[in-house]
There are 2 protein chains.
Amino acid sequence: MRDTTPARRFTDTIYEQFARIGKAIASPRRLELLDLLSQGPRTVDALARLAAQSLANTSQHLQVLRAARLVDADKEGLYVTYRLADSEVARFFQTLRQLAESRLAEIEQTKRAFLERRGLMEPVDREALLERVRSGKVTVLDVRPVEEYRAGHIPRAVSIPLTDLKHRLAEIPRNREVVAYCRGPYCVMAIDAVELLRARGFKAVRLEDGVQEWRARGFEVAVGDRAA
Amino acid sequence: MRDTTPARRFTDTIYEQFARIGKAIASPRRLELLDLLSQGPRTVDALARLAAQSLANTSQHLQVLRAARLVDADKEGLYVTYRLADSEVARFFQTLRQLAESRLAEIEQTKRAFLERRGLMEPVDREALLERVRSGKVTVLDVRPVEEYRAGHIPRAVSIPLTDLKHRLAEIPRNREVVAYCRGPYCVMAIDAVELLRARGFKAVRLEDGVQEWRARGFEVAVGDRAA
DNA sequence: CTATTAGTCAATTTATTACTTGATTATGCG
DNA sequence: CGCATAATCAAGTAATAAATTGACTAATAG
(Lines give C-alpha, C1' and ligand atoms only; values in the text may rest on other atoms or scores of the structure.)
Protein backbone atom coordinates (compact mmCIF):
# COMPACT_ATOMS: atom_id res chain seq x y z
CA MET A 1 0.00 0.00 0.00
CA ARG A 2 2.50 2.62 1.10
CA ASP A 3 4.92 3.92 -1.46
CA THR A 4 8.64 4.16 -0.84
CA THR A 5 9.82 7.14 -2.82
CA PRO A 6 12.61 9.14 -1.18
CA ALA A 7 10.14 11.96 -0.55
CA ARG A 8 7.75 9.65 1.26
CA ARG A 9 10.58 8.18 3.31
CA PHE A 10 11.63 11.70 4.24
CA THR A 11 8.21 12.78 5.45
CA ASP A 12 7.75 9.50 7.26
CA THR A 13 11.02 9.96 9.09
CA ILE A 14 10.09 13.49 10.07
CA TYR A 15 6.68 12.55 11.43
CA GLU A 16 8.22 9.62 13.28
CA GLN A 17 10.47 12.09 15.03
CA PHE A 18 7.54 14.29 15.99
CA ALA A 19 5.77 11.21 17.26
CA ARG A 20 8.66 10.49 19.62
CA ILE A 21 7.49 13.45 21.65
CA GLY A 22 3.90 12.36 21.30
CA LYS A 23 4.65 8.85 22.50
CA ALA A 24 6.55 10.24 25.46
CA ILE A 25 3.52 12.17 26.63
CA ALA A 26 1.01 9.45 25.79
CA SER A 27 1.14 7.98 29.28
CA PRO A 28 -0.61 9.48 32.30
CA ARG A 29 2.24 8.34 34.51
CA ARG A 30 4.83 10.10 32.46
CA LEU A 31 2.74 13.25 32.39
CA GLU A 32 2.59 13.17 36.15
CA LEU A 33 6.37 12.81 36.28
CA LEU A 34 6.78 15.74 33.90
CA ASP A 35 4.43 17.80 36.02
CA LEU A 36 6.40 17.01 39.15
CA LEU A 37 9.65 17.78 37.38
CA SER A 38 8.36 21.13 36.27
CA GLN A 39 8.36 22.04 39.98
CA GLY A 40 12.08 21.30 40.06
CA PRO A 41 14.67 18.49 39.82
CA ARG A 42 14.01 15.28 41.72
CA THR A 43 15.64 11.94 42.41
CA VAL A 44 14.05 8.78 41.02
CA ASP A 45 13.18 7.71 44.49
CA ALA A 46 11.41 10.98 45.31
CA LEU A 47 9.48 10.90 42.05
CA ALA A 48 8.39 7.33 42.68
CA ARG A 49 7.06 8.27 46.09
CA LEU A 50 5.31 11.41 44.87
CA ALA A 51 3.67 9.63 41.96
CA ALA A 52 2.80 6.57 44.05
CA GLN A 53 4.64 4.34 41.62
CA SER A 54 7.05 1.45 42.02
CA LEU A 55 10.67 2.45 41.73
CA ALA A 56 11.38 0.21 38.75
CA ASN A 57 8.37 1.50 36.87
CA THR A 58 9.27 5.10 37.60
CA SER A 59 12.82 4.51 36.45
CA GLN A 60 11.58 3.01 33.21
CA HIS A 61 9.20 5.85 32.51
CA LEU A 62 11.96 8.34 33.17
CA GLN A 63 14.11 6.56 30.66
CA VAL A 64 11.38 6.87 28.07
CA LEU A 65 11.22 10.60 28.76
CA ARG A 66 14.97 10.81 28.48
CA ALA A 67 14.96 8.95 25.17
CA ALA A 68 12.56 11.61 23.88
CA ARG A 69 15.01 14.27 25.19
CA LEU A 70 12.42 15.81 27.42
CA VAL A 71 14.41 15.24 30.59
CA ASP A 72 18.06 14.97 31.56
CA ALA A 73 19.60 13.04 34.40
CA ASP A 74 22.85 13.15 36.27
CA LYS A 75 24.21 11.01 39.02
CA GLU A 76 25.66 12.33 42.25
CA GLY A 77 26.75 9.58 44.58
CA LEU A 78 23.94 7.13 45.03
CA TYR A 79 21.29 9.46 43.67
CA VAL A 80 20.23 10.08 40.10
CA THR A 81 18.58 13.45 39.73
CA TYR A 82 16.23 14.05 36.83
CA ARG A 83 15.30 17.49 35.56
CA LEU A 84 13.44 18.94 32.60
CA ALA A 85 15.81 19.18 29.66
CA ASP A 86 14.84 22.76 28.91
CA SER A 87 12.37 25.41 29.98
CA GLU A 88 10.76 24.88 26.59
CA VAL A 89 9.58 21.50 27.86
CA ALA A 90 7.75 23.14 30.74
CA ARG A 91 6.14 25.56 28.33
CA PHE A 92 5.10 22.73 26.07
CA PHE A 93 3.55 20.94 29.01
CA GLN A 94 1.59 24.06 29.88
CA THR A 95 0.34 24.29 26.31
CA LEU A 96 -0.76 20.67 26.43
CA ARG A 97 -2.57 21.32 29.67
CA GLN A 98 -4.35 24.36 28.29
CA LEU A 99 -5.39 22.50 25.18
CA ALA A 100 -6.68 19.59 27.24
CA GLU A 101 -8.60 21.96 29.50
CA SER A 102 -10.22 23.77 26.64
CA ARG A 103 -11.00 20.73 24.49
CA LEU A 104 -11.87 18.09 27.07
CA ALA A 105 -14.89 18.99 29.13
CA GLU A 106 -14.25 15.92 31.27
CA ILE A 107 -11.43 17.72 33.04
CA GLU A 108 -13.63 20.54 34.30
CA GLN A 109 -16.23 17.95 35.32
CA THR A 110 -13.73 15.89 37.25
CA LYS A 111 -12.42 18.95 39.02
CA ARG A 112 -15.87 20.16 39.89
CA ALA A 113 -16.99 16.75 41.15
CA PHE A 114 -13.94 16.44 43.36
CA LEU A 115 -14.23 19.90 44.85
CA GLU A 116 -17.96 19.60 45.39
CA ARG A 117 -17.57 16.38 47.32
CA ARG A 118 -15.25 18.28 49.62
CA GLY A 119 -17.50 21.28 49.89
CA LEU A 120 -14.92 23.56 48.35
CA MET A 121 -16.64 24.52 45.14
CA GLU A 122 -17.34 28.07 46.20
CA PRO A 123 -17.05 30.72 43.52
CA VAL A 124 -13.76 32.53 43.83
CA ASP A 125 -13.06 35.82 42.14
CA ARG A 126 -9.65 34.87 40.84
CA GLU A 127 -8.52 38.36 39.95
CA ALA A 128 -9.53 39.83 43.28
CA LEU A 129 -7.81 36.97 45.08
CA LEU A 130 -4.61 37.53 43.14
CA GLU A 131 -4.76 41.19 44.00
CA ARG A 132 -5.09 40.41 47.71
CA VAL A 133 -2.15 38.03 47.45
CA ARG A 134 -0.03 40.62 45.69
CA SER A 135 -0.92 43.40 48.05
CA GLY A 136 0.20 41.48 51.12
CA LYS A 137 -3.20 41.89 52.78
CA VAL A 138 -3.45 38.14 53.37
CA THR A 139 -1.17 35.45 54.73
CA VAL A 140 0.05 33.41 51.77
CA LEU A 141 0.84 29.82 52.58
CA ASP A 142 3.00 27.55 50.43
CA VAL A 143 2.19 24.01 51.49
CA ARG A 144 4.55 22.18 49.16
CA PRO A 145 7.68 20.40 50.41
CA VAL A 146 10.38 22.86 51.45
CA GLU A 147 12.67 22.07 48.51
CA GLU A 148 9.99 23.19 46.10
CA TYR A 149 9.43 26.35 48.09
CA ARG A 150 13.15 27.05 47.93
CA ALA A 151 13.23 26.49 44.18
CA GLY A 152 10.70 29.26 43.73
CA HIS A 153 7.66 30.66 45.52
CA ILE A 154 5.20 33.51 45.52
CA PRO A 155 6.85 36.54 47.16
CA ARG A 156 6.13 36.84 50.90
CA ALA A 157 4.63 33.36 51.00
CA VAL A 158 5.30 31.37 54.17
CA SER A 159 6.49 27.80 53.77
CA ILE A 160 4.61 25.26 55.86
CA PRO A 161 4.54 21.88 54.12
CA LEU A 162 1.17 20.18 54.35
CA THR A 163 2.70 17.36 56.39
CA ASP A 164 3.77 19.82 59.11
CA LEU A 165 0.74 22.05 59.02
CA LYS A 166 -1.16 20.44 61.86
CA HIS A 167 1.74 21.07 64.26
CA ARG A 168 2.60 24.53 63.08
CA LEU A 169 -0.75 26.28 63.18
CA ALA A 170 0.60 28.60 65.86
CA GLU A 171 2.82 30.28 63.28
CA ILE A 172 -0.19 31.52 61.36
CA PRO A 173 -1.78 34.79 62.48
CA ARG A 174 -5.46 34.24 63.33
CA ASN A 175 -6.68 37.70 62.48
CA ARG A 176 -5.92 37.56 58.78
CA GLU A 177 -7.28 35.61 55.87
CA VAL A 178 -5.06 32.73 54.74
CA VAL A 179 -4.52 31.90 51.07
CA ALA A 180 -3.00 28.48 50.48
CA TYR A 181 -1.42 27.29 47.24
CA CYS A 182 0.59 24.31 46.09
CA ARG A 183 1.66 22.97 42.69
CA GLY A 184 -1.24 24.16 40.64
CA PRO A 185 -4.86 23.49 39.80
CA TYR A 186 -4.53 19.68 39.90
CA CYS A 187 -2.56 19.41 43.09
CA VAL A 188 -4.64 18.56 46.13
CA MET A 189 -2.33 19.73 48.90
CA ALA A 190 -3.76 23.22 49.10
CA ILE A 191 -7.26 21.73 49.23
CA ASP A 192 -6.28 19.60 52.20
CA ALA A 193 -4.66 22.61 53.80
CA VAL A 194 -7.74 24.80 53.43
CA GLU A 195 -9.90 22.05 54.86
CA LEU A 196 -7.67 21.69 57.88
CA LEU A 197 -7.37 25.43 58.43
CA ARG A 198 -11.11 25.97 58.27
CA ALA A 199 -11.69 23.14 60.73
CA ARG A 200 -9.38 24.98 63.11
CA GLY A 201 -11.22 28.25 62.75
CA PHE A 202 -9.11 30.06 60.19
CA LYS A 203 -10.58 31.98 57.31
CA ALA A 204 -8.84 30.19 54.46
CA VAL A 205 -9.19 29.99 50.68
CA ARG A 206 -7.32 28.16 48.00
CA LEU A 207 -5.40 29.76 45.16
CA GLU A 208 -5.52 27.39 42.20
CA ASP A 209 -2.38 28.78 40.66
CA GLY A 210 1.03 27.28 41.32
CA VAL A 211 4.35 29.00 40.84
CA GLN A 212 4.31 28.18 37.11
CA GLU A 213 0.98 29.87 36.62
CA TRP A 214 2.04 32.78 38.80
CA ARG A 215 5.09 33.30 36.66
CA ALA A 216 3.04 32.91 33.49
CA ARG A 217 0.91 35.84 34.65
CA GLY A 218 4.05 37.92 34.58
CA PHE A 219 4.45 38.16 38.36
CA GLU A 220 7.78 37.84 40.10
CA VAL A 221 8.89 34.67 41.80
CA ALA A 222 11.04 34.64 44.93
CA VAL A 223 13.81 32.11 45.40
CA GLY A 224 15.50 30.57 48.42
CA ASP A 225 14.50 30.80 52.06
CA ARG A 226 12.52 33.70 53.34
CA ALA A 227 14.60 36.71 54.16
CA ALA A 228 13.87 37.98 57.66
CA MET B 1 1.23 -0.90 45.00
CA ARG B 2 -0.92 2.03 43.94
CA ASP B 3 -3.12 3.58 46.54
CA THR B 4 -6.75 4.37 45.92
CA THR B 5 -7.50 7.42 48.03
CA PRO B 6 -9.96 9.87 46.48
CA ALA B 7 -7.11 12.34 45.94
CA ARG B 8 -5.10 9.76 44.05
CA ARG B 9 -8.06 8.80 41.93
CA PHE B 10 -8.61 12.46 41.18
CA THR B 11 -5.05 13.08 39.98
CA ASP B 12 -5.07 9.83 38.04
CA THR B 13 -8.24 10.84 36.23
CA ILE B 14 -6.81 14.23 35.39
CA TYR B 15 -3.57 12.85 33.98
CA GLU B 16 -5.50 10.25 32.04
CA GLN B 17 -7.37 13.10 30.39
CA PHE B 18 -4.15 14.89 29.51
CA ALA B 19 -2.83 11.62 28.12
CA ARG B 20 -5.79 11.43 25.74
CA ILE B 21 -4.21 14.28 23.83
CA GLY B 22 -0.81 12.64 24.13
CA LYS B 23 -2.07 9.34 22.79
CA ALA B 24 -3.74 11.11 19.90
CA ILE B 25 -0.45 12.63 18.79
CA ALA B 26 1.63 9.53 19.52
CA SER B 27 1.29 8.23 15.98
CA PRO B 28 3.27 9.59 13.01
CA ARG B 29 0.29 8.96 10.76
CA ARG B 30 -2.02 11.01 12.90
CA LEU B 31 0.50 13.82 13.07
CA GLU B 32 0.64 13.85 9.31
CA LEU B 33 -3.14 14.07 9.19
CA LEU B 34 -3.12 16.93 11.67
CA ASP B 35 -0.49 18.70 9.62
CA LEU B 36 -2.55 18.31 6.47
CA LEU B 37 -5.66 19.50 8.27
CA SER B 38 -3.87 22.58 9.50
CA GLN B 39 -3.73 23.61 5.83
CA GLY B 40 -7.51 23.43 5.72
CA PRO B 41 -10.49 21.04 5.88
CA ARG B 42 -10.32 17.83 3.88
CA THR B 43 -12.41 14.80 3.07
CA VAL B 44 -11.32 11.39 4.33
CA ASP B 45 -10.61 10.34 0.80
CA ALA B 46 -8.37 13.32 0.11
CA LEU B 47 -6.50 12.84 3.36
CA ALA B 48 -5.94 9.18 2.60
CA ARG B 49 -4.46 10.02 -0.78
CA LEU B 50 -2.29 12.83 0.56
CA ALA B 51 -0.94 10.72 3.39
CA ALA B 52 -0.53 7.64 1.19
CA GLN B 53 -2.69 5.60 3.54
CA SER B 54 -5.49 3.14 3.05
CA LEU B 55 -8.93 4.67 3.37
CA ALA B 56 -9.98 2.45 6.26
CA ASN B 57 -6.83 3.19 8.19
CA THR B 58 -7.16 6.92 7.60
CA SER B 59 -10.76 6.83 8.74
CA GLN B 60 -9.76 5.03 11.91
CA HIS B 61 -6.98 7.46 12.69
CA LEU B 62 -9.35 10.36 12.15
CA GLN B 63 -11.75 8.83 14.60
CA VAL B 64 -9.01 8.62 17.18
CA LEU B 65 -8.29 12.30 16.62
CA ARG B 66 -11.96 13.06 16.95
CA ALA B 67 -12.25 11.09 20.17
CA ALA B 68 -9.48 13.30 21.54
CA ARG B 69 -11.51 16.33 20.36
CA LEU B 70 -8.69 17.56 18.17
CA VAL B 71 -10.75 17.43 14.99
CA ASP B 72 -14.39 17.74 14.02
CA ALA B 73 -16.20 16.19 11.12
CA ASP B 74 -19.39 16.82 9.27
CA LYS B 75 -21.04 15.02 6.46
CA GLU B 76 -22.27 16.65 3.27
CA GLY B 77 -23.74 14.19 0.86
CA LEU B 78 -21.33 11.37 0.30
CA TYR B 79 -18.38 13.19 1.74
CA VAL B 80 -17.24 13.55 5.33
CA THR B 81 -15.11 16.61 5.80
CA TYR B 82 -12.71 16.76 8.70
CA ARG B 83 -11.29 19.98 10.10
CA LEU B 84 -9.24 21.02 13.10
CA ALA B 85 -11.55 21.49 16.07
CA ASP B 86 -10.05 24.85 16.96
CA SER B 87 -7.21 27.15 16.00
CA GLU B 88 -5.71 26.24 19.34
CA VAL B 89 -5.04 22.79 17.94
CA ALA B 90 -2.98 24.26 15.12
CA ARG B 91 -1.04 26.31 17.62
CA PHE B 92 -0.43 23.25 19.76
CA PHE B 93 0.84 21.37 16.75
CA GLN B 94 3.23 24.22 16.00
CA THR B 95 4.49 24.11 19.57
CA LEU B 96 5.06 20.39 19.30
CA ARG B 97 6.96 20.89 16.09
CA GLN B 98 9.13 23.57 17.58
CA LEU B 99 9.89 21.46 20.60
CA ALA B 100 10.74 18.48 18.43
CA GLU B 101 13.00 20.62 16.26
CA SER B 102 14.86 22.06 19.18
CA ARG B 103 15.18 18.86 21.20
CA LEU B 104 15.67 16.22 18.53
CA ALA B 105 18.79 16.76 16.49
CA GLU B 106 17.70 13.90 14.23
CA ILE B 107 15.19 16.17 12.54
CA GLU B 108 17.77 18.67 11.37
CA GLN B 109 19.97 15.78 10.25
CA THR B 110 17.19 14.19 8.25
CA LYS B 111 16.35 17.48 6.60
CA ARG B 112 19.95 18.19 5.76
CA ALA B 113 20.56 14.71 4.37
CA PHE B 114 17.50 14.94 2.16
CA LEU B 115 18.30 18.38 0.79
CA GLU B 116 21.95 17.56 0.22
CA ARG B 117 21.10 14.51 -1.81
CA ARG B 118 19.08 16.79 -4.05
CA GLY B 119 21.74 19.46 -4.20
CA LEU B 120 19.52 22.04 -2.58
CA MET B 121 21.35 22.61 0.66
CA GLU B 122 22.57 26.08 -0.29
CA PRO B 123 22.68 28.64 2.46
CA VAL B 124 19.66 30.93 2.24
CA ASP B 125 19.42 34.23 4.04
CA ARG B 126 15.91 33.73 5.31
CA GLU B 127 15.30 37.33 6.33
CA ALA B 128 16.51 38.74 3.04
CA LEU B 129 14.41 36.22 1.16
CA LEU B 130 11.31 37.16 3.15
CA GLU B 131 11.98 40.80 2.41
CA ARG B 132 12.20 40.10 -1.33
CA VAL B 133 8.94 38.17 -1.13
CA ARG B 134 7.23 40.97 0.72
CA SER B 135 8.52 43.71 -1.55
CA GLY B 136 7.15 42.04 -4.67
CA LYS B 137 10.56 42.01 -6.34
CA VAL B 138 10.26 38.30 -7.04
CA THR B 139 7.61 36.01 -8.50
CA VAL B 140 6.11 34.08 -5.62
CA LEU B 141 4.81 30.66 -6.55
CA ASP B 142 2.36 28.66 -4.46
CA VAL B 143 2.67 25.07 -5.66
CA ARG B 144 0.06 23.52 -3.38
CA PRO B 145 -3.29 22.26 -4.69
CA VAL B 146 -5.61 25.11 -5.63
CA GLU B 147 -8.00 24.56 -2.70
CA GLU B 148 -5.18 25.18 -0.27
CA TYR B 149 -4.17 28.30 -2.13
CA ARG B 150 -7.74 29.54 -1.93
CA ALA B 151 -7.91 28.84 1.79
CA GLY B 152 -5.00 31.20 2.35
CA HIS B 153 -1.79 32.22 0.58
CA ILE B 154 1.04 34.69 0.65
CA PRO B 155 -0.16 37.98 -0.87
CA ARG B 156 0.58 38.29 -4.58
CA ALA B 157 1.59 34.65 -4.83
CA VAL B 158 0.63 32.89 -8.05
CA SER B 159 -1.05 29.52 -7.77
CA ILE B 160 0.44 26.82 -9.97
CA PRO B 161 0.04 23.41 -8.34
CA LEU B 162 3.13 21.24 -8.66
CA THR B 163 1.22 18.76 -10.80
CA ASP B 164 0.50 21.45 -13.42
CA LEU B 165 3.82 23.22 -13.25
CA LYS B 166 5.46 21.44 -16.17
CA HIS B 167 2.70 22.57 -18.53
CA ARG B 168 2.33 26.09 -17.23
CA LEU B 169 5.89 27.34 -17.27
CA ALA B 170 4.91 29.91 -19.87
CA GLU B 171 2.94 31.80 -17.21
CA ILE B 172 6.08 32.52 -15.25
CA PRO B 173 8.15 35.56 -16.31
CA ARG B 174 11.69 34.51 -17.16
CA ASN B 175 13.40 37.73 -16.19
CA ARG B 176 12.60 37.59 -12.47
CA GLU B 177 13.67 35.37 -9.66
CA VAL B 178 11.07 32.78 -8.63
CA VAL B 179 10.42 31.89 -4.99
CA ALA B 180 8.42 28.70 -4.50
CA TYR B 181 6.71 27.63 -1.33
CA CYS B 182 4.29 24.94 -0.24
CA ARG B 183 3.03 23.66 3.11
CA GLY B 184 6.07 24.35 5.19
CA PRO B 185 9.55 23.11 6.00
CA TYR B 186 8.65 19.41 5.77
CA CYS B 187 6.70 19.53 2.57
CA VAL B 188 8.63 18.50 -0.51
CA MET B 189 6.51 20.08 -3.22
CA ALA B 190 8.44 23.35 -3.31
CA ILE B 191 11.67 21.38 -3.50
CA ASP B 192 10.40 19.53 -6.55
CA ALA B 193 9.24 22.79 -8.04
CA VAL B 194 12.59 24.50 -7.60
CA GLU B 195 14.35 21.52 -9.14
CA LEU B 196 12.08 21.61 -12.17
CA LEU B 197 12.32 25.37 -12.59
CA ARG B 198 16.09 25.36 -12.42
CA ALA B 199 16.26 22.57 -14.98
CA ARG B 200 14.27 24.80 -17.28
CA GLY B 201 16.54 27.75 -16.82
CA PHE B 202 14.70 29.74 -14.18
CA LYS B 203 16.42 31.34 -11.24
CA ALA B 204 14.46 29.71 -8.45
CA VAL B 205 14.77 29.31 -4.68
CA ARG B 206 12.65 27.68 -2.06
CA LEU B 207 10.98 29.44 0.84
CA GLU B 208 10.77 26.99 3.73
CA ASP B 209 7.85 28.74 5.33
CA GLY B 210 4.28 27.79 4.62
CA VAL B 211 1.23 29.92 5.20
CA GLN B 212 1.15 28.97 8.90
CA GLU B 213 4.70 30.17 9.42
CA TRP B 214 4.07 33.27 7.35
CA ARG B 215 1.11 34.14 9.52
CA ALA B 216 3.08 33.36 12.67
CA ARG B 217 5.62 35.98 11.60
CA GLY B 218 2.82 38.49 11.74
CA PHE B 219 2.45 38.91 7.98
CA GLU B 220 -0.89 39.13 6.24
CA VAL B 221 -2.44 36.23 4.45
CA ALA B 222 -4.56 36.62 1.33
CA VAL B 223 -7.67 34.53 0.79
CA GLY B 224 -9.57 33.33 -2.27
CA ASP B 225 -8.56 33.56 -5.89
CA ARG B 226 -6.22 36.19 -7.11
CA ALA B 227 -7.86 39.52 -7.76
CA ALA B 228 -7.09 40.79 -11.26
C1' DC C 1 34.98 -7.07 53.48
C1' DT C 2 29.92 -7.10 54.09
C1' DA C 3 25.58 -4.89 54.24
C1' DT C 4 22.61 -1.31 52.61
C1' DT C 5 20.52 1.71 49.50
C1' DA C 6 19.39 3.98 44.79
C1' DG C 7 18.79 2.82 40.55
C1' DT C 8 18.77 -0.06 36.45
C1' DC C 9 18.18 -4.29 33.73
C1' DA C 10 15.93 -8.39 31.93
C1' DA C 11 12.20 -11.43 31.54
C1' DT C 12 7.46 -12.20 31.71
C1' DT C 13 2.51 -11.40 31.46
C1' DT C 14 -1.11 -8.57 30.09
C1' DA C 15 -3.21 -4.91 27.70
C1' DT C 16 -3.33 -1.74 23.93
C1' DT C 17 -2.52 -0.27 19.35
C1' DA C 18 -1.77 -0.45 14.21
C1' DC C 19 -3.02 -2.13 10.02
C1' DT C 20 -5.37 -5.21 6.77
C1' DT C 21 -9.23 -7.39 4.82
C1' DG C 22 -13.84 -7.90 3.68
C1' DA C 23 -18.50 -6.70 4.86
C1' DT C 24 -21.82 -3.00 5.64
C1' DT C 25 -24.11 1.54 5.58
C1' DA C 26 -25.50 5.78 3.46
C1' DT C 27 -25.94 8.84 -0.34
C1' DG C 28 -26.53 10.05 -5.06
C1' DC C 29 -27.16 9.00 -9.94
C1' DG C 30 -29.02 7.07 -14.20
C1' DC D 1 -34.98 0.33 -8.91
C1' DG D 2 -29.82 -1.10 -9.38
C1' DC D 3 -25.23 0.45 -9.15
C1' DA D 4 -21.22 3.20 -7.86
C1' DT D 5 -18.83 5.67 -4.37
C1' DA D 6 -17.37 7.61 0.40
C1' DA D 7 -16.96 6.19 4.62
C1' DT D 8 -17.33 3.26 8.51
C1' DC D 9 -17.44 -1.06 10.96
C1' DA D 10 -15.92 -5.61 12.60
C1' DA D 11 -12.75 -9.24 13.01
C1' DG D 12 -8.30 -10.89 13.08
C1' DT D 13 -3.23 -10.71 13.31
C1' DA D 14 0.99 -8.64 14.37
C1' DA D 15 3.51 -5.34 16.85
C1' DT D 16 4.16 -2.27 20.99
C1' DA D 17 3.67 -0.79 25.47
C1' DA D 18 2.85 -1.09 30.67
C1' DA D 19 3.63 -3.03 34.97
C1' DT D 20 5.56 -6.58 37.97
C1' DT D 21 9.10 -9.41 39.65
C1' DG D 22 13.56 -10.67 40.84
C1' DA D 23 18.32 -10.22 39.70
C1' DC D 24 22.08 -7.09 39.19
C1' DT D 25 25.29 -2.86 39.62
C1' DA D 26 27.34 1.02 41.85
C1' DA D 27 28.17 3.91 45.72
C1' DT D 28 28.67 4.28 50.56
C1' DA D 29 28.82 3.25 55.54
C1' DG D 30 30.44 0.39 59.14
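We name chains A, B, ... by the order of the sequence lines, and we start the count at 1 in each one.
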Determine the contact category for A:Asn57: base if any of its heavy atoms lies under 4.0 Å from a base atom, sugar-phosphate if only primed atoms, P, OP1 or OP2 are that close, otherwise nothing.
-> base
Rounded to the Å, how far apart are A:Leu50 CG and C:dA6 C1'?
-> 16 Å
Quick one: do the A:Tyr181 and A:Asp142 side chains pair a donor with an acceptor below 3.5 Å?
-> yes
Could you write out each protein N or O paired with an N or O of nucleotides 8-12 of chain D at a distance under 3.5 Å?
from, atom 1, to, atom 2, distance (Å)
D:dT8, OP1, B:Tyr82, OH, 2.9
D:dT8, OP2, B:Ser59, OG, 2.5
D:dT8, O5', B:Ser59, OG, 3.4
D:dC9, OP2, B:Gln63, OE1, 2.6
D:dA10, N6, B:Gln60, OE1, 3.3

Using the benzene-type ring in the case of Trp, are the ring centres of A:Tyr15 and B:Tyr186 under 6.0 Å apart?
-> no
Taking only N and O in the side chain of A:His61, is any of them less than 4.0 Å away from OP1 or OP2 of D:dA19?
-> yes
Expressed in angstrom and rounded to an integer, what is the separation of A:Tyr79 atom OH from D:dA26 atom C1'?
-> 14 Å
Considering just the side-chain nitrogens and oxygens of A:Ser54, establish if one lies under 4.0 Å of OP1 or OP2 belonging to D:dT20.
-> yes
CG of A:Leu141 to CZ of A:Arg168: how many Å apart, nearest 0.5 Å?
-> 9.0 Å
Whole-Å gap separating C1' (C:dA6) and CZ (A:Arg42) | 16 Å
So, with a heavy-atom separation below 4.0 Å from DNA chain C, the residues of residues 9-37 of chain B are B:Lys23, B:Ser27, B:Arg29, B:Arg30
Residues B:Gln109 and B:Arg112: side-chain donor-acceptor under 3.5 angstrom | no
Rounding to 0.5 Å, atoms CD1 (B:Ile21) and OG1 (A:Thr95) come to a distance of 12.0 Å
Whole-Å gap separating P (D:dA18) and CD (A:Gln53) | 12 Å
